[in-house]
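Report on the structure given below.
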Amino acid sequence: MKLLTNYKYWIINFFGWILFALFMLTIDKISYGGGSSNDRMYYLLSEGVLCGLLGFVLSFVILYFIENYFNIGDYSKADVYKLIAVIIVTQLIYHLLLWPILGIPASYFLNERIELTLLQKLTNVPHFLAYFVVWLFVVLTLKLVHHINTIKVKQLQLEANLKESQLNTLKGQINPHFMFNSLNNIRGLMLEDANVARNMLTNLSETLRYSLTKSELNSISLEDELEMVENYVEISKIQFEDRLQFETHIDEESLNKQIPPMIIQMLVENSLKHGISNIKSGGEVTLSTLVSDHQLQIEVTNSGKLQKSENSTQLGVKNIKRRLELLYGQNATFTLKEIKNKVVATIKMPIV
């Protein structure tokens with residue numbers, strides 16, 4: 001924040017100096033009977049204006065030093081000493097110029113000359129020094145507040161960048177093993193049933209396109225996600241053959257709601273990998289959505305039991321939890337339970 005080039009600061013600083021000098025000097029003298037005549041009143045007003053005007057001009061000397069040589073966020077003792085030296089020099093200039101300048105209205109309005117001894121002039125130094133101390137306090141406060149706000153903005157930007165980086169890392173990607181198995185299945189189907197192989201290849205390409213394009217976004221419509229999940233399931237059915245049954249119960253009101261991309265796909269993938277694939281006879285996966293109390297509920301149920309394998313890292317579950325936390329904080333929840341020989345994964349998130 002450069003005050004030297006800020007016209008608003010110039011205006012406020014100008015009137016601030018003049019008004020402060022009038023209140024501190026002129027009004028004080030008038031209240032004690034100093035304005036006994038019109039000429040005396042005019043002199044006192046001129047005195048206050050000139051004292052403030054001179055302070056206004058010389059304040060730019062100090063401000064120039066602060067803005068070019070004094071870093072409010074990283075200053076040393078030497079910088080403080082230099083600032084004090086600049087203030088002292090400014091005070092010397094102020095008092096050397098003040099009395100000759102005040103002699104002009106004194107001669108014009110009072111037909112008098114200001115004749116003060118050195119001691120009398122020195123007794124006025126603390127009074128006028130207080131003007132500069134007040135001004136310096138205001139300026140340094142403004143600089144400090146701006147510096148703190150800048151740090152806060154940078155901190156928020158760093159946090160946002162970190163959050164974005166974490167989200168990009170956590171966003172769902174197509175499992176390489178799924179790709180490998182799908183391509184092998186397509187190769188095998190080419191000789192058996194070209195039409196099925198062609199449909200499977202189409203589903204796979206749509207799934208890959210979705211993964212590459214939609215995963216760059218932070219949110220998509222649930223309807224778009226369902227289309228991708230359907231393609232994913234159709235491909236998986238080739239691998240599981242007759243062992244996989246898939247059903248959906250979708251609340252029409254939920255179709256246009258925004259959700260993190262590929263989060264349903266991750267739920268379905270998790271149910272296939274840790275549920276259906278461990279059952280010889282296969283099983284059923286059910287996807288349902290519901291809008292209630294300004295919340296969107298997504299539920300994936302699969303046959304099987306909730307058991308943690310020693311080789312499992314549970315990356316899928318941790319991924320889902322972390323993404324929801326980064327996007328919605330405490331307003332979203334993810335639970336994984338076993339109910340009557342079925343594993344139920346439930347996401348509840350606010351509608352945005």
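If you're wondering where the values come from, they're calculated on a predicted model, not measured in any experiment. What you see below is based on every heavy atom in this structure, not just the backbone, and it leaves out hydrogens, waters and symmetry mates.
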Is the backbone of [Y] close enough, under 3.5 Å, to the side chain of [X] for a donor and an acceptor to pair up by distance?
X: Arg243; Y: Lys280; value: yes
X: Asn231; Y: Met228; value: no
X: Ser277; Y: Leu272; value: yes
X: Gln258; Y: Ile351; value: no
X: Glu247; Y: Glu284; value: no
X: Thr289; Y: Asp251; value: yes
X: Ser236; Y: Tyr232; value: yes
X: Asn270; Y: Met266; value: no
X: Glu225; Y: Ile264; value: yes

Verify the neighbour count for atom [atom1] of [X]: are there more than 12 heavy atoms of other residues, nucleotides or ligands below 6.0 Å?
X: Lys321; atom1: NZ; answer: no
X: Gln120; atom1: CD; answer: yes
X: Asn68; atom1: CG; answer: yes
X: Lys257; atom1: NZ; answer: yes
X: Phe132; atom1: CZ; answer: yes
X: Asn256; atom1: CG; answer: yes

Roughly how far, to the nearest 0.5 Å, is the [atom2] atom of [Y] from the [atom1] atom of [X]?
X: Met262; Y: Arg323; atom1: CE; atom2: CZ; result: 8.5 Å
X: Thr123; Y: Leu116; atom1: OG1; atom2: CG; result: 8.0 Å
X: Glu47; Y: Thr26; atom1: CD; atom2: OG1; result: 6.0 Å
X: Ile320; Y: Arg322; atom1: CD1; atom2: CZ; result: 14.5 Å
X: Ile66; Y: Asn71; atom1: CD1; atom2: CG; result: 12.0 Å

TODO: Answer whether the closest heavy-atom distance between the side chains of Leu296 and Lys348 falls below 4.5 Å.
DONE: no
Non-hydrogen atoms of [X] and [Y] that approach each other most closely:
X: Ile250; Y: Ser254; value: CG2-OG, 3.8 Å
X: Asn331; Y: Pro350; value: O-CD, 3.3 Å
X: Trp135; Y: Ser59; value: CH2-O, 3.3 Å
X: Leu22; Y: Val49; value: CD2-N, 4.1 Å
X: Leu3; Y: Tyr9; value: O-CD2, 3.3 Å
X: Ile276; Y: Gly282; value: CG2-CA, 4.2 Å

Shared ILVMFWY cluster between [X] and [Y], side chains joined below 4.5 angstrom?
X: Val138; Y: Ile72; result: yes
X: Ile279; Y: Val344; result: no
X: Ile104; Y: Leu58; result: no

Can you give the donor-acceptor pairs under 3.5 Å from side chains of residues 80-98 to other protein atoms, not counting sequence neighbours?
unit_1: Thr90; atom_1: OG1; unit_2: Val86; atom_2: O; d: 2.7
unit_1: Tyr94; atom_1: OH; unit_2: Cys51; atom_2: O; d: 3.0

Open item on the list: Would you say the rings of Trp10 and Phe60 are close, in the sense that their centroids are separated by under 6.0 Å?
Closed with: yes
- [ ] Assess the side chains of Asn199 and Thr202: does a donor N or O sit below 3.5 Å from an acceptor N or O?
- [x] no
